[in-house]
Amino acid sequence: MLAVFLSLAGCKVGQKYQQPSTGLPTEFRGETQKYNEDTLSFSHVSWREFFHDPILIELIDSGLKNNFDMRTALTNIEIANRNLRRNKLDYLPSVNGNLASASQTFRSKDFYGNPSSKWYADGKEAPDNFFMYTSQFATGFDFSWELDIWGKIANQKDQLKADFLNTYESKNAIQTKIISDIAKGYFNLQMLDAQIEVAKRNLILNDSTLRMIRLQFEAGEITALAIQQTESQRLIAASLIPELEKEVAIQENAIQVLTGEFPNNVTRSQYIDTMMFTTQEISLGSPLDIIRNRPDIRSAELDLIAANAEVNINQILRYPQLSLGGAFGVNSMLPKNWFNIPGALLGGFAGDLTAPIFQNGRLKNNFEVAKLEREKTELFFQQTVRGAVNEISDAIIIIEKQKEQLNFAQQRVENSQLAVNNASLLFRSGYATYLEVITAQSNALQSDLDLVDLKQRQLNAYVDLYRSLGGGWKN
């Protein structure tokens, strides 16, 4: 058996994992700044350096420590780590011990009622009642050892290692999502604060216009319709404030949930324009970096490694298996007789070389299904890679096009403010109607709100680009 084992130990069955070709492009669509190996890649920037707001950094810190999804992910890592460490012991034999085991067998007249029972050799009658047939007492150890000829335990180790690393990637994916969600929520709060300020300024302007129109109405220069329409415009601006305040409270609660806290206020700064890195400061990196950095792609590849190991295991189960077993101890009940050597000793050794011959096609079917599962997992890996490239390209295009929109929005705000000032002056001079004043103020309100909203969406786009490139999980 030892000779057989030594001759077969080097015969490993199965296919070693190789990363499939992904056919990645050399650059991302919409990228304006070409990759330079001497520049810092966007995805390699630590999130603590990516965000500049200390309050936001503190919120993210709290989320990474207290978020329940993150804490669950850390627990899963510990579980997988324990399973991986235990796998090393599969190379060793398993040993069981029994202390003072007793076995007594009783039989009756109808058991072994023939000459071999030796009752009739002496001319005796077999007893009608139960009698003690055998009595055994033993204390000792027994062991079993499956020799890993074809590499089944090694493939199981590959599976467990992939599962262990996958828990890290799951934790990294959760971390990037927590960072992204907290940052977006924080930016949304700042946007809502800015919109509330815009609505309050517009309300003050409407109050001033309403007072002016009431004076003209009292002077008989305009009708009551002017007062009613101006009041309607003022109420629109006034009703916007409680609506925005409601959204602020809901968003604060959502952020507190992400940080593992109960609903409460969220402190924030007032500067929305200098929150993070921009693509002018660092490069996007090579498309190949996303395979190294994105947790979802790394997780999909680890699933493929595990699926490849599963194919190998199912293939190995179709081969002969060699196992050794044995027992050693003393055949005595009382400890005082344990040292009656060699009379009290018991021992045994067994070796089994078993091979499946006919299993109703079960083993072959399991092997073929495992190969199909590996193929399906590889398709998912390829799909994940292409989805990541598409996500990055979308983020790049959104950022670039929103820059143009921001420029137009800023010009629109400046033009709307100028129109409001001119309409007020012309109205006082009698060269413009109240409708023109109301229209100018309404346009100015919407322009200011749109500009603030666009700034927030641009910040979110930078966060999406950072996350899609695999940034955020590196501290």
Side-chain angles (χ1 to χ4, degrees), residues 24-36 39-45 47 49-53 56 176-177 179-195 198 247 251 271-290 293-294 296-297 383-419 443-472:
L24 283 170
T26 57
E27 61 184 40
F28 299 109
R29 182 186 180 190
E31 184 177 3
T32 57
Q33 182 174 341
K34 302 304 180 184
Y35 173 63
N36 184 353
T39 60
L40 181 62
S41 174
F42 206 43
S43 59
H44 294 165
V45 177
W47 66 265
E49 298 175 358
F50 180 72
F51 299 107
H52 293 167
D53 191 319
L56 174 57
T176 57
K177 187 176 187 305
I179 292 173
S180 174
D181 290 347
I182 292 178
K184 286 183 177 182
Y186 186 78
F187 296 153
N188 189 45
L189 280 179
Q190 290 186 311
M191 182 268 293
L192 293 171
D193 290 341
Q195 288 185 336
V198 169
E247 294 184 18
Q251 182 62 76
Y271 304 101
I272 197 172
D273 296 320
T274 57
M275 299 298 299
M276 63 182 71
F277 271 105
T278 65
T279 52
Q280 285 75 29
E281 296 172 316
I282 50 180
S283 71
L284 298 180
S286 166
L288 187 60
D289 285 343
I290 64 171
N293 292 319
R294 278 190 59 131
D296 58 337
I297 295 179
Q383 181 184 18
T384 304
V385 172
R386 281 156 178 75
V389 174
N390 180 74
E391 187 178 353
I392 294 169
S393 298
D394 288 348
I396 294 172
I397 293 171
I398 290 172
I399 287 174
E400 294 301 321
K401 294 305 176 182
Q402 284 185 166
K403 286 180 182 177
E404 300 177 17
Q405 288 181 284
L406 276 169
N407 184 41
F408 291 133
Q410 187 63 49
Q411 296 179 29
R412 179 184 168 194
V413 167
E414 294 173 358
N415 184 69
S416 298
Q417 292 297 333
L418 182 61
N443 290 338
L445 172 63
Q446 192 59 49
S447 298
D448 287 338
L449 294 176
D450 290 344
L451 177 61
V452 173
D453 178 69
L454 193 55
K455 286 182 178 180
Q456 184 249 349
R457 285 192 283 131
Q458 185 72 335
L459 290 175
N460 287 347
Y462 277 117
V463 174
D464 287 336
L465 178 61
Y466 179 59
R467 181 191 55 78
S468 64
L469 286 168

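As the structure is a prediction and not an experimental result, all values here were calculated from the model.
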**Request:** For E391 and R294, run side-chain contact (heavy atoms from CB on, under 4.5 Å): C-alpha distance rounded to whole Å, both residues' side-chain angles, the deciding distance at 0.1 Å, then the answer.
**Result:** CA-CA 12 Å; E391 187 178 353; R294 278 190 59 131; 3.3 Å; yes
**Request:** Could you please spell out the steps behind the side-chain contact (heavy atoms from CB on, under 4.5 Å) verdict for E414 and Q410?
**Result:** CA-CA 6 Å; E414 294 173 358; Q410 187 63 49; 3.7 Å; yes
**Asked** Going through the checks in order, is the side-chain contact (heavy atoms from CB on, under 4.5 Å) test met by Q417 and D448?
**Response** CA-CA 9 Å; Q417 292 297 333; D448 287 338; 3.2 Å; yes
**Request:** Show your working on side-chain contact (heavy atoms from CB on, under 4.5 Å) between Y186 and D53 and close with a plain yes or no.
**Result:** CA-CA 10 Å; Y186 186 78; D53 191 319; 2.8 Å; yes
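The two residues G471 and T176 make their nearest non-hydrogen contact at O-CG2, 3.5 Å. Contact detail for V463 and F187: the closest heavy-atom pair is CG2-CE1, 3.6 Å. Of all heavy-atom pairs spanning K403 and Y462, the tightest one is CE-OH, 3.6 Å. Minimum heavy-atom separation, A395 to A461: CB-O, 4.4 Å. Heavy-atom minimum distance, R412 versus Q446: NH2-CG, 3.9 Å. Of all heavy-atom pairs spanning Q456 and K184, the tightest one is NE2-O, 4.2 Å.
Counting heavy atoms from C-beta outward, L451 and L406 have side chains that approach closer than 4.5 Å. In this structure, the side chains of H44 and N293 come closer than 4.5 Å at one or more pairs of heavy atoms.
Going from atom CG of N188 over to atom CG of D181 covers 12.0 Å, rounded to the nearest 0.5 Å. Rounding to the nearest 0.5 angstrom, the gap separating the CD1 atom in I396 from the NZ atom in K401 is 13.0 Å. The CD atom of E247 sits 7.0 Å away from atom CE of M191, with the distance rounded to the nearest 0.5 Å. Interatomic distance, CG of L459 versus CG of D464, reported as 11.0 Å (0.5 Å rounding). Remark: E400 CD to I397 CD1 distance equals 9.5 Å, nearest 0.5 Å. Note that the CZ atom of F50 and the CG atom of L56 stand 10.0 Å from one another [nearest 0.5 Å].
Using cut-offs of 30° and 60° for the angle between ring planes, the F51 and Y466 rings count as perpendicular.
In this structure, R467 contributes its side chain and K177 its backbone to no donor-acceptor pair below 3.5 Å.
With respect to L465, the side chain to side chain contact (heavy atoms under 4.5 Å, CB included) criterion is satisfied by exactly one of I399, I398, D394: I399. Considering V413, D193, L445 in turn, L445 is the only one that fulfils the side chain to side chain contact (heavy atoms under 4.5 Å, CB included) rule with V198.
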